[in-house]
Enquirer: 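The following block contains the structure, expressed as structure tokens.
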Amino acid sequence: MNIKGDVIRNCRLAKGLTQTDISKGICTQANISNIEHNGTCPSITTISSICNRLEIPIDKVIIDINSTFNHSEDIDNYIFNNELIKADEYMDQVNYDLIETKNSRIKYCYCQGYLNFHLHKNSNKAMFFYNQVNLLCKNMLNNIYSVGASIGMLEIYLYENNFSIRHLIMQINILGKELSNISFKESNGQFLIILYLKVIKIYQFLNLHEEALKFYESIICNLKNNFLAFKLCELKNLKALSLFKIGKTNDALKHLNFAIHMGEFYSNIESINESQRLYVLFKKDAVKE
């Protein structure tokens with residue numbers, strides 16, 4: 001990312017601050033020096049925090065701010081961590097016409113579809129972008145964003161209560177198989193996890209808990225030994241729910257115990273709260289029996 005380093009430096013000096021003052025809690029002093037002298041910054045999050053500290057607008061210091069989508073790893077992090085407002089602000093800075101590669105254009109359209117549905121609740125606009133993804137992905141096999149767009153369309157049909165159960169089951173079975181065939185890599189891992197969770201939730205919405213469990217087993221090996229293992233606790237919660245629904249309460253409680261311990265290890269507070277909520281609910285049901 002290209003930065004107007006002289007603007008950062010002049011604003012810092014005008015406030016009587018040192019590079020160390022600016023860097024505290026954001027980055028290192030060396031990062032600030034690199035920004036001021038070389039005009040480069042690795043992350044929009046970093047430069048945004050620096051601008052907030054200096055009380056200057058971000059567009060005053062960034063040259064062609066993400067207009068080409070070259071730093072799209074930021075959008076992965078925002079969506080993965082459910083920071084959708086930050087993701088939306090990032091996307092507002094991108095000029096689609098300047099995006100250089102087809103894969104980046106596909107990703108851009110997928111992210112716009114995702115944000116329009118999950119943040120703005122605009123189903124029509126989300127459907128437009130998801131359709132654009134599928135048009136761009138024509139004749140491309142095992143493309144994560146194409147599968148994601150198709151799953152997104154199913155979510156819209158469910159949201160609008162506009163679907164045929166038979167058609168929906170057929171589609172989610174096809175998409176689940178396609179998804180399980182996509183290789184897990186560091187570059188696509190965050191979106192894969194999001195889509196795994198969505199497929200299981202759609203199966204559960206349809207009360208297809210056996211199918212949800214089969215899908216879980218088909219993808220779990222992708223997660224056990226990689227940098228996103230902390231998401232296992234969320235998947236364990238979903239597995240526990242399906243086990244409970246098919247009458248395997250004791251197995252469900254075991255998975256929730258595992259999810260709680262793993263959530264504590266990875267400090268996944270949201271997941272721990274959900275695990276504990278389900279544990280109390282299932283335990284009460286077990287006592288009644």
Enquirer: Tyr196 versus Ile193: any side-chain heavy-atom pair under 4.5 Å?
Expert: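 Result yes, sub-4.5 Å side-chain heavy-atom pair found.
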Enquirer: Going by distance alone, is a donor N or O of one side chain under 3.5 Å from an acceptor N or O of the other, for Thr101 and Ser104?
Expert: yes
Enquirer: Using side-chain contact (heavy atoms from CB on, under 4.5 Å) as the criterion, point out the one residue from Phe244, Tyr216, Phe258 that pairs with Lys239.
Expert: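 Going through the options one by one, the only one that passes is Tyr216.
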Enquirer: To the nearest 0.5 Å, how far apart are CG in Asn237 and OG in Ser275?
Expert: 3.0 Å
Enquirer: Regarding Gln190 and Asn77, do their side chains bring together a donor and an acceptor under 3.5 Å, going by distance alone?
Expert: yes
Enquirer: Check the hydrophobic clustering (I, L, V, M, F, W, Y; side-chain heavy atoms under 4.5 Å; chains of links allowed) and say if Ile269 and Leu197 are grouped together.
Expert: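 Different hydrophobic clusters.
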Enquirer: Which atom pair, heavy atoms only, marks the closest approach of Val133 to Ile106?
Expert: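 Heavy atoms only, the tightest pair is CG2-O, 3.7 Å.
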Enquirer: Give every residue pair that meets the salt bridge (Lys or Arg N to Asp or Glu O under 4.0 Å) criterion with at least one member in residues 266-275, sequence neighbours excluded.
Expert: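 Sorted result for residues 266-275: Glu274-Arg277.
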Enquirer: Within the structure provided, determine whether Ile272 and Cys233 are in side-chain contact (heavy-atom separation under 4.5 Å).
Expert: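 No, side chains not in contact.
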Enquirer: Is any side-chain heavy atom of Ser150 closer than 4.5 Å to one of Gln171?
Expert: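 Contact flag for Gln171/Ser150 side chains = no.
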Enquirer: Say whether Ile156 and Ile174 are linked into one hydrophobic cluster, either directly or through other cluster members, by side-chain heavy-atom distances under 4.5 angstrom.
Expert: no
Enquirer: Taking all atoms of both residues into account, what is the closest heavy-atom pair of Ala252 and Ala240, and its distance?
Expert: CB-O, 3.3 Å
Enquirer: Between Asn31 and Cys27, is there a donor-acceptor pair closer than 3.5 Å when you use the side chain of the first and the backbone of the second?
Expert: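 Absent.
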Enquirer: The criterion is salt bridge (charged side-chain N to carboxylate O under 4.0 Å, His left out); which residues satisfy it with Glu55, sequence neighbours excluded?
Expert: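 Here the qualifying residues are Lys15.
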Enquirer: Before you tell me yes or no, could you show the steps for Cys51 and Val61 under side-chain contact (heavy atoms from CB on, under 4.5 Å), namely the whole-Å CA-CA distance, both residues' side-chain angles and the distance that decides it to 0.1 Å?
Expert: CA-CA 8 Å; Cys51 288; Val61 301; 3.4 Å; yes
Enquirer: Please check if Leu135 and Phe128 belong to a single hydrophobic cluster, counting links between Ile, Leu, Val, Met, Phe, Trp and Tyr side chain heavy atoms closer than 4.5 Å.
Expert: no
Enquirer: If I compare all heavy atoms of Lys102 with all of Leu136, which pair ends up nearest, and what's the gap?
Expert: CE-O, 2.8 Å
Enquirer: So, using salt bridge (charged side-chain N to carboxylate O under 4.0 Å, His left out) as the criterion, who are the partners of Lys236 when residues are at least two apart?
Expert: none
Enquirer: Hey, does the side chain of Arg12 reach the backbone of Leu17 with a donor-acceptor pair shorter than 3.5 angstrom?
Expert: yes
Enquirer: Given the rule that I, L, V, M, F, W and Y join up when any side-chain heavy atoms are under 4.5 Å apart, are Tyr96 and Met91 in one cluster?
Expert: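 Yes, same cluster.
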Enquirer: Taking side chain as C-beta onward, heavy atoms only, is Met140 less than 4.5 Å from Asn143?
Expert: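 Side-chain contact under 4.5 Å: yes.
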Enquirer: Of Tyr145, Phe117, Phe129, which meets ring-ring contact (aromatic ring centres under 6.0 Å, His included) against Tyr110?
Expert: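 When Tyr145, Phe117, Phe129 are each tested with Tyr110, the ring-ring contact (aromatic ring centres under 6.0 Å, His included) holds only for Tyr145.
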Enquirer: So do Leu175 and Val199 actually touch side chain to side chain, heavy atoms under 4.5 Å?
Expert: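 SC-SC contact between Val199 and Leu175 ruled out.
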Enquirer: According to a hydrophobic-cluster definition based on side-chain heavy atoms being under 4.5 Å apart (Ile, Leu, Val, Met, Phe, Trp, Tyr only), do Leu119 and Phe191 belong together?
Expert: yes
Enquirer: Sequence neighbours excluded, which residues qualify as salt bridge (charged side-chain N to carboxylate O under 4.0 Å, His left out) partners of Lys198?
Expert: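 Partners of Lys198 under the salt bridge (charged side-chain N to carboxylate O under 4.0 Å, His left out) test: Glu155.
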Enquirer: Would the distance check show the side chain of Asp285 and the main-chain N or O of Leu281 forming a donor-acceptor pair, the cut-off being under 3.5 Å?
Expert: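 Side chain of Asp285 to backbone of Leu281, a donor-acceptor pair under 3.5 Å: no, none is there.
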Enquirer: Between atom CD1 of Ile22 and atom CD1 of Ile50, what is the distance when rounded to the nearest 0.5 Å?
Expert: 8.0 Å
Enquirer: Can you find a pair of side-chain heavy atoms, one from Leu253 and one from Lys283, that are under 4.5 Å apart?
Expert: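 Answer yes - side chains close enough.
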Enquirer: Hey, are His120 and Asp88 close enough side-chain-wise for a donor-acceptor pair under 3.5 Å?
Expert: yes
Enquirer: So Ile32 and Ile26, do their side chains get closer than 4.5 Å, heavy atoms only?
Expert: no
Enquirer: So with a 6.0 Å cut-off around CD of Gln276, is the heavy-atom count from everything else above 12?
Expert: yes
Enquirer: Is there a side-chain contact (heavy atoms from CB on, under 4.5 Å) between Ile47 and Ile8? Walk through the geometry before answering.
Expert: CA-CA 10 Å; Ile47 196 61; Ile8 295 289; 4.1 Å; yes
Enquirer: State, without any angle test, whether Tyr203 and Asn173 hold a side-chain donor-acceptor pair at a distance under 3.5 Å.
Expert: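 A pair is found: one side chain offers a donor N or O, the other an acceptor, under 3.5 Å apart.
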Enquirer: More than 12 heavy atoms of other residues, nucleotides or ligands under 6.0 Å from CG of Leu13: is that the case?
Expert: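 Counting neighbours around CG of Leu13, more than 12 heavy atoms of other residues, nucleotides or ligands fall under 6.0 Å, so yes.
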Enquirer: Using modelled atom types only, decide if a donor and an acceptor are shared between the side chain of Ser33 and the backbone of Gln29 within a distance under 3.5 Å.
Expert: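 A pair under 3.5 Å: no.
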Enquirer: Test Ser242 against Gln204 for side-chain hydrogen bond (donor to acceptor under 3.5 Å, both in side chains), laying out the working first.
Expert: CA-CA 7 Å; Ser242 285; Gln204 291 179 336; 2.9 Å; yes
Enquirer: Go through it in stages, so that I can follow the logic: the residues are Asn142 and Val147, the test is side-chain contact (heavy atoms from CB on, under 4.5 Å), and I'd like the CA-CA distance, side-chain angles, deciding distance and then a yes or no.
Expert: CA-CA 7 Å; Asn142 295 330; Val147 176; over 6 Å; no
Enquirer: Starting from the C-alpha separation in whole Å, work towards a yes-or-no answer on side-chain contact (heavy atoms from CB on, under 4.5 Å) for Ile194 and Tyr114.
Expert: CA-CA 11 Å; Ile194 290 170; Tyr114 189 98; 4.1 Å; yes
Enquirer: So, taking the atom named CD1 in Ile202 and the one named CG in Leu168, what distance separates them when rounded to the nearest 0.5 Å?
Expert: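 Ile202 CD1 to Leu168 CG: 6.5 Å, rounded to 0.5 Å.
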Enquirer: In chain order, what residues pass the ring-ring contact (aromatic ring centres under 6.0 Å, His included) check against Phe215, with sequence neighbours excluded?
Expert: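 ring-ring contact (aromatic ring centres under 6.0 Å, His included) list for Phe215, sorted by chain: empty.
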Enquirer: So that I can tick it off, tell me whether Arg53 and Asp21 are bridged by a salt bridge, with the cut-off set at under 4.0 angstrom between side-chain N and carboxylate O.
Expert: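 A salt bridge is absent here (no side-chain N lies under 4.0 Å from a carboxylate O).
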Enquirer: Does Ala30 offer a backbone N or O that forms a donor-acceptor pair with the side chain of Asn34 under 3.5 Å?
Expert: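 The answer is no, because no donor-acceptor pair under 3.5 Å joins these two groups.
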Enquirer: For Thr20, does its backbone N or O pair with a side-chain atom of Ser23 as donor and acceptor, under 3.5 Å?
Expert: yes
Enquirer: Quick one: are Glu178 and Ile182 in side-chain contact, heavy atoms under 4.5 Å?
Expert: no
Enquirer: Just jot down the salt bridge (charged side-chain N to carboxylate O under 4.0 Å, His left out) partners of Lys214, sequence neighbours excluded, or say none.
Expert: Glu211
